[in-house]
Amino acid sequence: MSESKDFLRTIVEADLKSGKYKEVTTRFPPEPNGFPHIGHAKSICINFGIANDYNGHCNLRMDDTNPTKEDTKYVEALKDAVEWLGFEWDKSVRYTSDYFPKIHEYAIALIKMGKAYVDSTNEEEMRELRGTVTEAGKRSKYANRSVEENLELFEKMKNGEFKDGEHVLRAKIDMSAANMKMRDPLLYRIKHAHHFRAGDEWAIYPMYDFAHCLSDYIEGVTHSICTLEFENNRDIYNWVLDTLGLTSPRPYQHEFARLGINYTVMSKRKLLELVEGGQVNGWDDPRLPTIAGYKRRGYTAESILNFCDGIGIAKANSMVDVAQLEFSIRDDLNKKVPRVMCVLDPLKVTIVNYEGSEEIEASYYPHDVPKEGSRKLPFAKEIYIDGADFEENPPKGYFRLTPEQAVRLKYAYIIKCKEIIKDTNGNIVEIKAEYYPNSKSGEDSSGIKVKSAIQWVESTQAKKIEVRVYDRLFKTEAPEGVEDLNPNSLQVIKNALIEPAVINQKPDVRFQFEREGYFYADPIDYTDENPVFNKIVGLKESSSKKKKAPKPAPKAEAKKVQIDGEVVAMSKEEQALFDKYTQLGLNSEVANTLARDAKLSHFFEEALLTRNSPVNIANIVTNDVARELKQKEINELKFSAKQIAELVEMVDNELISSKIAKQVFEEMNKNGANPKEIVESKGLIQISDPAIILPLIEEIIAKNPENVEKFKAGNTKLLGFFVGQVLKATRGKGNPKVVNELVARELN
RNA sequence: UGGGGUAUCGCCAAGCGGUAAGGCACUAGUUUUUGGUACUGGUAUUCGGGGGUUCGAAUCCCUCUACCCCAUCCA
């Protein structure tokens, strides 16, 4: 955990500290209707991570309230994902379906309270009655059935006496609620469907909004963490628990932004389309952002965990760059994985002046990876290098083999090109080269400097392997559908050549193919006869090696002009107030705010009765009082207009600074105390005496020599820093004007 | 259009009235038998825009703008 906490942990910590809960319990509650993807991984990391961090528990719960979509194969995949990521759920896996009897009882309780009713309108009519975002809805005519009737109907629903869709159970909330979700939400629907766990026991199934909050409550969950799109559902969540009287300790819902990654899709629907449309090879296709896909591609659980940790948790919709994910896996594998040599695009090189053969000892790990292990590399006259490592007409800055430029065969000798053999089409098919016998790695006395050391394999002992090279699945950053697919997302190389030790010794399943990237022995298709490797991710490439893709020119961004919308005109009354206030000396902005807000202007005028200091009163009213009045009515305030006037009086008389006034205001707002008493009891009278302030300033200056330097070098912002420090030393009581002057003088 | 959210560097993201954290990406240099790694630097005079309050505002107030979510018997 980094030192800066995310907002969820901040909430959890506060709740623990305040004693709201003794212990934190979270849950990861997927619906088992599809394969988990990296978005689930984020949720898993959050829920299990928080539970771990605060010594709590996290449940794994299958939210299986819709029997027509769910299947046990998905619960297996979900369990696998959590396990693979290294988390342990508390006790056994939970199922919402296990709570069906309890949830049913709660429904009956609601009916008995007159808070739920059986509605028999059909789907279409119900939609119409629901209204629109701007128009209130209308209650169904069935809403006033008696409790007995509702109970009887609901019982029959449960017993399967009706067909699907004939009736539903609804909460009786408010058909004109601004929040559409609160317009008498459905609690139960009839579904004559086989449930993969509950079998055919139930003819009715609870809706998400009813089942989820109750399941959380039943499990003793404290923090019900979900994604942003459930924000509107929070009201129902609270309504159900509150109405049923399910009080403390009870769960509260908190929402975070779901994960988006560019160049891929994350929705179950789109993923399903790709799988069913055959654009990819199943749910574990290595190009997919599914857990199964990453696993098969060769990603480590640690890298996914680190990724989730690195992207943070917040409430802003965001799209994370794949580069961040790629960094995570490179960073992880770099420390762990043996390096071997593989030639993806073999080009034959015959070393004309070399005879015989030898074996060269080569470490599996570079000098900066503290791991042991090595293998023998066969070397002989005929070898293969990668086609990309030779250029007949090299671009500027090319480091590898050219007709003019020698190169080192990694761990072996330096060679230079003598002759290029081409086929009838002009394609290079072979290089005749010469080696420098005294240039062998470790015993090089040739004195030749080369710019690069390249990978190679010896021709007779190299093994042929299949390599699957993956590129991003989509060619656009925010793909919509199949039309955005990258046609080259999979490249199969059938005849790559690899050094024999990899196949014979099998020192690992993940490798770095030197200078190429990280690769993974495909867990499904790999056989001894046909070894298959998946490319996990390429090595980071810098500067000239990837020059092919020139950077798009820096956008000549015109300073964006933002057009202001139209402000609603003032009414006649408001205009009159506005005029009156400006005449009192208020600036137009303040007068405007006051005039347009009846509560504020009322409060302002009342304060004015106590003290005739319109400007200062207006300022505190339009700022601090306004903040409180946003969510409260005047009579709910702990302080009175008279008290505000008294507060202003002290500011007017320079008894306290405006900074202290804010502090006093907070106090008044909290407990309704009298401002003068607060100032007296806390000794908040302003300090303006230089004799007191000056020593403080000198002390601060002495303690911060570096900042003094920076200030003198021209960083004038630091004045604020010093003022802040001095003010802190006076516990806010210093007269800021005086402090400012004195600090400025001392510093110069 | 009513309601609920969100806006800080190319991408994430801290920050909660007193010096604009950090990571990715980018970039320059050092080391390097991987154009990798590691290391050392450079990258926001400014926080969606405009006003206001304050000695001092990314943080408080007003206002405008943009984007996301909500009218499934899905979750």
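Proteins come first, then strands; the chains are lettered A, B, ... in the order of their sequence lines, and each starts at number 1.
- Taking every side-chain heavy atom of A:Arg130 into account, B:rU72 is the closest of B:rU72, B:rU63, B:rU34.
- Distance check on atom C1': B:rG23 versus B:rU59 gives 23 Å, rounded to whole Å.
- Distance, A:Glu589 CD to B:rC62 P: 10 Å, rounded to whole Å.
- A:Arg339 places its CZ atom 18 Å from the P atom of B:rU32, with the value rounded to the nearest Å.
- At a threshold of 4.0 angstrom between heavy atoms, the contacts of A:Asp321 are confined to the sugar-phosphate backbone, with no base atom among them.
- One finds a salt bridge joining A:Arg515 and A:Asp389 here, because a Lys/Arg side-chain nitrogen approaches an Asp/Glu carboxylate oxygen to under 4.0 Å.
- To the nearest angstrom, P of B:rG10 lies 21 Å from CD1 of A:Ile261.
- Across all strands shown, B:rC67 forms a Watson-Crick or G-U wobble pair, both distances under 3.5 Å, with B:rG5.
- For A:Lys540 and B:rA38, the shortest distance from a side-chain N or O to OP1 or OP2 is not below 4.0 Å.
- Of the side-chain N and O atoms in A:Thr622, none sit less than 4.0 angstrom from OP1 or OP2 of B:rC62.
- Here A:Ser43 contributes atom OG and A:Leu259 contributes atom CG; the two are 11.0 Å apart, rounded to the nearest 0.5 Å.
- A salt bridge links A:Lys315 to A:Glu255: at least one charged side-chain nitrogen sits closer than 4.0 Å to a carboxylate oxygen.
- Nucleotide B:rU32: unpaired (no Watson-Crick or G-U wobble partner with both distances less than 3.5 Å).
- Straight-line distance between the P atoms of B:rA58 and B:rC9: roughly 14 Å, to the nearest whole Å.
- Taking only side-chain nitrogens and oxygens, A:Arg183 never comes nearer than 4.0 Å to OP1 or OP2 of B:rU72.
- A:Lys717 contributes no side-chain N or O that forms a donor-acceptor pair with the base of B:rG56 under 3.5 Å.
- Atom CG of A:Asp564 and atom C1' of B:rU63 are 8 Å apart (whole Å).
- Checking the phosphate oxygens (OP1, OP2) of B:rC74, a side-chain nitrogen or oxygen of A:Lys191 falls inside 4.0 Å.
- When rounded to the nearest whole Å, the span between CD1 of A:Ile660 and P of B:rU54 equals 16 Å.
- Checking the phosphate oxygens (OP1, OP2) of B:rC69, no side-chain nitrogen or oxygen of A:Lys181 falls inside 4.0 Å.
- The nearest whole Å value for the distance from the CG atom in A:Asn262 to the C1' atom in B:rA25 is 11 Å.
- On a pure distance criterion of 3.5 Å, no polar donor-acceptor pair joins the side chain of A:Asn592 and the base of B:rG51.
- Taking atom CG of residue A:Leu718 and atom P of nucleotide B:rA20, one finds them 8 Å apart after rounding to whole Å.
- Rounded to whole Å, the separation between the C1' atoms of B:rU53 and B:rC69 comes to 34 Å.
- We find that CD of A:Gln324 is positioned 10 Å from P of B:rA13, with the value rounded to whole Å.
- Distances shorter than 4.0 Å separate none of the side-chain N or O atoms of A:Ser657 from OP1 or OP2 on B:rC55.
- Here A:Tyr581 and A:Phe604 bring their ring centres to under 6.0 angstrom of each other.
- Remark: A:Lys630 is in phosphate contact with B:rC62, judged by side-chain N or O atoms under 4.0 Å from OP1 or OP2.
- OP1 or OP2 of B:rG52 has not a single side-chain nitrogen or oxygen of A:Ser588 nearer than 4.0 Å.
- Nearest to the side chain of A:Asn317, among B:rG52, B:rC69, B:rC68, sits B:rC68.
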